[in-house]
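Letters A, B, ... are given to chains in the order of the sequence lines, protein chains preceding strands, and every chain is numbered from 1. Just so it is clear, the structure is predicted and the values come from calculations on it, not from any experiment.
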Amino acid sequence: MAETTIILSIAAVILIFINYRKTGGHYEGIKKGIKQFVITAPIIMGALLLAGIIEVLIPREFVQNWLSTEAGLKGIVLGTFGGMLLAMGPYAFYPIVASIIVSGAGLGTVISMITGWSLLSLSKFPFEVGFFGMEFTIKKMIYSIPFSLAAGLIGYILEFTILG
Amino acid sequence: MKQSFVIIYGALAILLIIAYFVGGGSIILEGINKSKGIATSSFFMLLASFIIIGQLNVLLTADLIEKWLQVFSGIKAIIVSAIAGGLFPGGPYIYYPFVMSFKDKNLPIYIMISFLFGKHIYDLSRLPMEVGFVGLETAIIRFLITLPIPIIVGLLVQRYPNIITFVSDLKAGERDGRDHHNS
């Protein structure tokens with residue numbers, strides 16, 4: 001976490017500098033970022049609490065049988081549809097993924113969960129139906145499922161071969 | 001935002017009840033302690049992430065991205081629109097109306113689709129959060145594996161425009177005409 005914080009802090013400083021040179025709106029950027037942080041803080045707090053409870057509650061056998069690398073395709077399918085059901089923003093979603101990783105989930109499961117959430121999350125459903133219509137939304141969901149499963153499968157193969 | 005709030009705290013309430021029946025107060029305390037640990041260690045990471053998001057919001061305006069999209073066509077347009085989608089700041093209230101505005105500008109449907117998939121897969125504003133919580137290595141692997149998805153989808157829709165209908169008032173014939181007009 002410390003390493004990531006350093007990398008992100010360096011990225012933030014570089015972006016502030018670029019913004020200062022290009023638009024002069026670096027203070028506005030900082031203000032916008034902090035305002036968004038404050039607004040989303042209650043959700044982040046709730047998600048972190050949820051992640052902590054999941055971590056202690058999730059049975060080891062469940063992780064072993066359904067989410068770990070040994071779970072194979074089951075983990076990828078569960079990851080895809082689990083990601084779809086997690087109808088929430090990134091501030092809430094990623095702490096939950098982190099708790100599942102700590103519990104012992106395999107790379108294929110994690111990748112299919114992130115991809116499933118990115119493409120299929122039910123939180124997007126009302127917007128897509130509202131703006132593009134039901135037919136588009138359903139078709140997009142159906143077409144997205146194989147991509148999420150394939151991404152998880154590639155992650156699973158990578159974990160077994162190159163990363164294993 | 002409200003929806004996420006309800007889901008998170010609803011799920012939390014249910015899991016707290018389950019935890020109480022499974023392991024009593026001690027398991028809840030253990031969970032809270034774990035959460036406190038994550039919260040303490042991730043505070044500065046989150047702050048840096050949000051400063052990055054704020055800077056991107058100012059740097060990458062909708063006008064700038066729109067200019068990029070109108071310059072290219074074909075495969076170049078697919079790649080540029082997928083990247084533009086990833087760079088486009090803001091949540092669903094902002095990017096869905098922006099994508100809808102493509103229709104008025106006569107941009108072909110495959111550009112809209114690759115932009116939308118680019119936003120969902122690449123989304124630069126959520127990458128810092130992903131790196132922070134799942135780790136740099138996993139985030140990079142996930143990004144590289146899913147990198148071709150918006151481009152493949154864009155190419156598929158360009159090749160077979162009838163596989164998806166955007167809105168009821170945009171018929172396939174109309175859409176084909178727009179595609180030819182722009183490529």
Side-chain angles (χ1 to χ4, degrees), chain A residues 1 4-5 8-9 11-12 15-16 18-19 22-23 25 28-30 32-34 36-37 42-44 46-57 87-92 94-95 97-98 101 107 110-111 114-115 118-119 123-124 127 131-133 135-136 139-140 147 151 154-155 158, chain B residues 1 3-5 7-9 11-12 15-16 18-19 22 27-28 30-32 34-35 38-39 41-42 44-59 92 96-97 99-100 120-121 126 128-134 136 138 141-142 145-146 149 153 163-168:
Chain A
M1 193 73 88
T4 309
T5 307
L8 292 177
S9 303
L15 278 174
I16 290 170
I18 293 172
N19 219 349
K22 288 237 172 196
T23 68
E28 193 195 337
I30 293 171
K32 272 190 175 181
I34 291 175
Q36 204 175 344
F37 185 33
I43 291 179
I44 296 171
L48 290 174
L49 267 172
L50 191 61
I53 299 290
I54 288 174
E55 206 180 312
V56 293
L57 204 58
M88 52 189 67
Y91 321 114
Y94 285 115
V97 178
I101 292 173
L107 185 66
V110 172
I111 286 174
I114 297 173
T115 314
S118 303
L119 293 175
S123 61
K124 296 182 179 84
F127 291 100
F131 282 106
F132 309 134
E135 190 189 334
F136 170 87
K139 279 185 176 173
K140 183 185 161 271
F147 284 107
I154 295 169
L158 274 179
Chain B
M1 187 75 87
Q3 186 193 13
S4 288
F5 193 88
I7 292 171
I8 287 289
Y9 283 94
L12 183 62
L15 283 188
L16 282 174
I18 294 171
V22 169
I27 198 169
I28 293 175
E30 195 188 332
I32 291 170
K34 281 195 187 283
S35 307
I38 307 168
S41 59
S42 61
F44 288 106
M45 182 272 293
L46 284 168
L47 189 62
S49 302
F50 277 95
I51 288 174
I52 290 173
I53 294 165
Q55 296 301 322
L56 290 174
N57 266 307
V58 176
L59 269 172
Y96 281 113
V99 174
M100 277 309 283
H120 291 164
I121 291 288
R126 69 159 206 254
M129 194 82 51
E130 184 169 337
V131 170
F133 280 106
V134 307
L136 187 62
T138 307
I141 293 169
R142 194 285 299 167
I145 289 174
T146 56
I149 293 176
V153 174
I163 60 170
I164 202 151
T165 311
F166 228 99
V167 277
S168 55

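To the nearest 0.5 Å, atom CG of residue A/Asn19 and atom CD of residue B/Gln55 are 4.5 Å apart. For the atom pair OG1 of B/Thr138 and CG of A/Leu107, the computed distance is 6.0 Å after rounding to the nearest 0.5 Å.
Between B/Phe133 and A/Tyr94, the ring centre distance reaches or exceeds 6.0 Å.
For the residue pair A/Gly25 and B/Val58, the shortest heavy atom distance occurs at O-CG1, 3.7 Å. Smallest separation of non-hydrogen atoms from B/Ile52 and A/Ala11: CD1-CB, 3.8 Å. Of all heavy-atom pairs spanning A/Ala12 and B/Ala48, the tightest one is CB-O, 4.1 Å. Of all non-hydrogen atoms in B/Leu12 and A/Gly46, the two that sit nearest each other are CD2-O, 4.3 Å. Of all non-hydrogen atoms in A/Ala151 and B/Thr146, the two that sit nearest each other are CB-CG2, 4.0 Å.
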task: Test side chain to side chain contact (heavy atoms under 4.5 Å, CB included) on B/Val153 and A/Phe147 and set out the steps.
output: CA-CA 10 Å; B/Val153 174; A/Phe147 284 107; 3.6 Å; yes
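Between chain A and the residues B/His120, B/Lys34, B/Met129, the largest count of heavy-atom pairs under 4.5 Å involves B/His120. With respect to chain A, the highest number of heavy-atom pairs below 4.5 Å among B/Leu16, B/Leu47, B/Val22 belongs to B/Leu47. Here A/Pro42 is the residue among A/Ala47, A/Gly155, A/Pro42 with the most heavy-atom pairs under 4.5 Å with chain B. Top candidate by heavy-atom pairs under 4.5 Å with chain B, chosen from A/Thr115, A/Thr23, A/Val97, is A/Thr115. Contacts with chain A were tallied for B/Ile32, B/Leu136, B/Leu46; B/Leu46 has the most, counting heavy-atom pairs under 4.5 Å. Contact count versus chain B (heavy atoms, under 4.5 Å) is highest, among A/Glu28, A/Lys32, A/Lys124, for A/Lys124.
Residue contact with chain A, scored on non-hydrogen atoms closer than 4.5 Å, involves the side chain of B/Ile145 exclusively. Looking at A/Ile30, both its backbone and its side chain come within 4.5 Å of chain B, counting heavy atoms on both sides. For chain A, the nearby part of B/Ile53 is the side chain; its heavy atoms alone come within less than 4.5 Å. Both the backbone and the side chain of A/Leu49 come within less than 4.5 Å of a heavy atom of chain B.
Every residue two or more places apart in sequence or in another chain that forms a salt bridge (Lys or Arg N to Asp or Glu O under 4.0 Å) with A/Lys139 is listed here: A/Glu135. Residues passing the side-chain contact (heavy atoms from CB on, under 4.5 Å) test with B/Ala19, sequence neighbours excluded: A/Ile53, A/Leu57, B/Ile27, B/Ile28.
Atom CZ of A/Phe127 is surrounded by more than 12 heavy atoms from other residues, nucleotides or ligands within 6.0 Å.
Counting heavy atoms from C-beta on, the side chains of A/Phe132 and B/Ile164 never come closer than 4.5 Å.
A donor-acceptor contact shorter than 3.5 Å links the side chain of B/Ser35 to the backbone of A/Leu48.
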